[in-house]
Amino acid sequence: MVTLERILDRKNIEKALLQVARNKGAAGVDGMLTEELQKYLNSNWRVLKMELLEGKYCPKAVREVEIPKPNGGTRMLGIPTVIDRMLQQAISQVMIPVYEEQFSACSYGFRPKRNAHQAVLQAQCLLKGGREWVVELDLEKFFDKVNHDRLMSRLSLTIKDKPTLSLIRKFLTSGILKDGVETVRTAGTPQGSPLSPLLSNIVLDELDKEIEKRGHAFIRYADDCSIYLKSERAAKRTASSITRYIEDKLLLKVNKEKTKVSYGEQSTLLGYSFEKSPTQSWMIQIPWTSINRVKRKCKALTKRSNGKSEKRVLENLKVLIEGWINYFQLATANTRALGNLDGYVRVRLRMHQWKAWKRAPARIKGLLRLGASKRDAYEHGHSSKSYCRIAKSWVLTKTMTNKVIKKRGYLGFVDSFYLKKKAQMSMF
DNA sequence: TTTACAGCGAC
RNA sequence: GUUGUCGCUGUAAA
Ligand SMILES: Nc1ncnc2c1ncn2[C@H]1C[C@H](O)[C@@H](COP(=O)(O)OP(=O)(O)OP(=O)(O)O)O1
Ligand SMILES: [Mg+2]
């Protein structure tokens, strides 16, 4: 049951506050920082709560910031005030358990206990099961094009509490501030609001139900929807049919460039691609686009102009590559691409006349092998801890002692700071 | 088991 | 300057 009382409950608000505080995000239009939210609430929470219960509270405008997208174009972020971020977080926390019960099992994005790896492994299963033709759909400017009236009416099917619905609508219609000029929002949910991901899933839950009704196998991750079919003809037919459904019924726009019908080997999903091997059926692969993306990051880290020490650059590279490999662990095909990345990193290091290029930091091929072992262990239900330990001893060579001492000192400070915060919290 | 910090990825 | 959700890895503390 979603009610304003439960949303504004002390325990729920404390949790929401903690989340906003630890994100350490930038300020909204009012300039209030995340560190200042606690002491603001200590003096103003009671009046704020009264305003909310009386339906008198009006959310501030979101601050619009443009950021570049990885493959060209710009993304318009809408950054709410820290107070509004906390309130939306509080709403989200109450709504999530209710909606988790009704969401589709094939939806993987923005949902607790679900991740991209599960989606990619499921895609591999579908391909292995003979559904080798893929419809890939992506929506154009998805969050920005969400229809308010459709969303509100869908919310009212589950949420019966009028004050909550009214508050959510106020958040949807709050203004947009850019270069000192405030404009009105008539559609869309801000990219950057804590509630937006959940709302977007509520919108596309309708699509999930429609695809399920038609009996198709599919995987959805946010606005990325892949449908797996057994023939090209069926794939082409459902592509146009589902596109029509999305545009006419859901009033959203399908991205024509990112949408395609292809054989499994040409399909991509969540950074991965797939390859059909004669011996092992469908294998998971890393496409060149993903390799090139991490290469660019490596290049940025090893630029001549940034005046960082060799030690520091190597540490940063290690962290980047380790984290990257950790995500792309599922890949077992096309290991040449990984060797290529390894070679690229060594060239960048040699450019600086650094001797490390022979030894570490990459060991990418070794890491891939370990990643594959880890994946096998996971699939067969065994513990993967031993593999992790092996990877650790192989990869961590130096830079450890220095870093650990620094972190220790810092952590001690943070811990005491956190305890102080918890003590302050009981004030309001 | 949980919490804090650092980071990586998907969208 | 850059927000948000989700997941994961590593470290540390109970
Ligand atoms: N960095 C981010 N911060 C907040 N929200 C994000 C971020 N990246 C993606 N999203 C959300 C908002 C997007 O509308 C939605 C789908 O992502 P994506 O398809 O990459 O962009 P998009 O749909 O807005 O534009 P495009 O027309 O290029 O597809 O996911
Ligand atoms: Mg999109």
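A quick note: this is a predicted structure, and the numbers were derived from the prediction, not measured. To find a chain, count down the sequence lines: A is the first, B the second, and so on, and within it residues start at 1.
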K.L.:
Could you check A/Asn71 against A/Arg293 for side-chain hydrogen bond (donor to acceptor under 3.5 Å, both in side chains), going step by step and ending with a plain yes or no?
P.N.:
CA-CA 9 Å; A/Asn71 40 352; A/Arg293 194 149 40 198; 5.6 Å; no
K.L.:
Within the structure shown, what part of the strands sits under 4.0 Å from A/Gln19 by heavy-atom distance: base, sugar-phosphate, or nothing?
P.N.:
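Result for A/Gln19 = sugar-phosphate.
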K.L.:
Reckon A/Arg85 has a side-chain N or O less than 4.0 Å from the OP1 or OP2 of C/G4?
P.N.:
yes
K.L.:
Just call it for A/Pro68: base, sugar-phosphate, or nothing, with non-hydrogen atoms closer than 4.0 Å on any strand.
P.N.:
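Touches a base.
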K.L.:
Given B/dA10, C/U2, C/U5, identify the nucleotide with an atom nearest to the side chain of A/Arg293.
P.N.:
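Looking only at side-chain atoms, A/Arg293 lies closest to B/dA10.
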K.L.:
Are A/Asp84 and A/Gln88 linked by a side-chain donor-acceptor pair shorter than 3.5 Å?
P.N.:
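Judged by distance alone, the side chains do not pair up.
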K.L.:
Dot-bracket for DNA chain B, 5' to 3', counting Watson-Crick or G-U wobble pairs under 3.5 Å, with [ ] for crossing pairs and | for inter-strand pairs?
P.N.:
|||||||||||
K.L.:
Any side-chain N or O of A/Lys24 under 4.0 Å from OP1/OP2 of B/dC5?
P.N.:
yes
K.L.:
Counting heavy atoms from C-beta on, name the nucleotide in C/U3, B/dC11, B/dA4 closest to the side chain of A/Ala26.
P.N.:
C/U3
K.L.:
Output yes when at least one side-chain N/O atom of A/Arg63 is less than 4.0 Å from OP1 or OP2 of C/G1, else no.
P.N.:
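False: A/Arg63 side-chain N/O out of range (4.0 Å or more) of C/G1 OP1/OP2.
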K.L.:
Rounded to whole angstrom units, what separation is found between the CD atom of A/Glu140 and the C1' atom of B/dC11?
P.N.:
16 Å
K.L.:
How many Å lie between CG on A/Asp224 and C1' on B/dC11, as a whole number?
P.N.:
8 Å
K.L.:
Please report the distance, rounded to the nearest Å, between CD1 in A/Ile91 and P in C/U5.
P.N.:
14 Å
K.L.:
Given B/dC11, is OP1 or OP2 found less than 4.0 Å from the side-chain N or O atoms of A/Lys141?
P.N.:
no
K.L.:
Over how many whole Å does the gap from A/Leu195 atom CG to B/dC11 atom C1' extend?
P.N.:
17 Å
K.L.:
Once you apply a heavy-atom cut-off of 4.0 Å, does A/Lys69 come out as touching a base, just sugar-phosphate, or nothing?
P.N.:
nothing
K.L.:
Measure CG/A/Leu199 against C1'/C/C6 and give the value in whole Å, please.
P.N.:
15 Å
K.L.:
Parallel, tilted or perpendicular for A/Tyr221 and A/Phe110, by the 30°/60° rule?
P.N.:
tilted
K.L.:
Before accepting this row, confirm whether a basic side-chain N of the pair A/Asp205/A/Arg154 lies closer than 4.0 Å to the acidic partner's carboxylate O.
P.N.:
yes
K.L.:
Hey, is A/Lys49 close enough to A/Asp9 for a salt bridge, meaning N to O under 4.0 Å?
P.N.:
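Looking at A/Lys49 and A/Asp9, the cut-off is not met.
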K.L.:
Using a cut-off of 4.0 Å on non-hydrogen atoms, how would the nucleic acid contact of A/Gln89 be classed: base, sugar-phosphate, or nothing?
P.N.:
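Sugar-phosphate: the residue A/Gln89, judged by heavy atoms under 4.0 Å, touches backbone atoms but no base.
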K.L.:
Which one, B/dA4, C/U3, B/dC11, comes nearest to the side chain of A/Leu270?
P.N.:
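Given the options B/dA4, C/U3, B/dC11, the side chain of A/Leu270 is closest to B/dC11.
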K.L.:
Using a strict 4.0 Å threshold on nitrogen-to-oxygen distance, state whether A/Glu136 and A/Lys258 make a salt bridge.
P.N.:
no
K.L.:
Quick one: does A/Val120's side chain get under 4.5 Å of A/Tyr108's, heavy atoms only?
P.N.:
no
K.L.:
Students often get this wrong, so: under 4.0 angstrom with heavy atoms, is A/Ser193 touching a base, only sugar-phosphate, or nothing?
P.N.:
sugar-phosphate
K.L.:
Roughly how far apart, to the nearest Å, are C/G1 and B/dA6 at atom P?
P.N.:
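After rounding to an integer number of Å, I get 15 Å for this pair.
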K.L.:
Using atom CZ of A/Phe171 as one end and atom P of C/U3 as the other, report the distance to the nearest whole Å.
P.N.:
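Taking atom P of C/U3 as the reference, CZ of A/Phe171 is at 19 Å.
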K.L.:
Give one of base, sugar-phosphate or nothing for A/Arg75, where a contact means two heavy atoms less than 4.0 Å apart.
P.N.:
nothing
K.L.:
For A/Arg85 and A/Thr34: C-alpha separation, side-chain torsions, deciding distance, then whether side-chain hydrogen bond (donor to acceptor under 3.5 Å, both in side chains) applies.
P.N.:
CA-CA 10 Å; A/Arg85 291 213 291 268; A/Thr34 50; 5.8 Å; no
K.L.:
Check every strand shown and say whether A/Gly323 touches a base, only sugar-phosphate, or nothing at a heavy-atom separation below 4.0 Å.
P.N.:
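Answer is sugar-phosphate: A/Gly323 comes under 4.0 Å of backbone atoms only.
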K.L.:
Quick check for you: among B/dC11, B/dG9, C/C8, whose closest atom lies nearest to any side-chain atom of A/Asp223?
P.N.:
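Between B/dC11, B/dG9, C/C8, the one nearest the side chain of A/Asp223 would be B/dC11.
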K.L.:
Would you check if the distance from the ring center of A/Phe274 to the ring center of A/Tyr263 is below 6.0 Å?
P.N.:
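Aromatic pair excluded; centres sit 6.0 Å or further apart.
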K.L.:
Between B/dC8, C/C6, C/G4, which nucleotide has the shortest distance from any of its atoms to the side chain of A/Pro194?
P.N.:
C/G4
K.L.:
Could you state the atom-to-atom distance from CZ of A/Phe110 to P of B/dG9 in whole Å?
P.N.:
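About 17 Å, once rounded to whole Å.
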K.L.:
When you measure from the side-chain N and O atoms of A/Arg111 to the phosphate of C/U5, is any distance below 4.0 Å, counting only OP1 and OP2?
P.N.:
no
K.L.:
Nearest-nucleotide wise, let me know which of A/Ile79 and A/Asn23 is further upstream toward the 5' end of RNA chain C.
P.N.:
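Residue closer to the 5' terminus by nearest nucleotide: A/Ile79.
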K.L.:
Closest to the A/Tyr221 side chain: C/G7, C/U2, B/dG9?
P.N.:
B/dG9
K.L.:
Let me know the distance between CH2 of A/Trp324 and P of B/dA6, rounded to the nearest Å.
P.N.:
25 Å
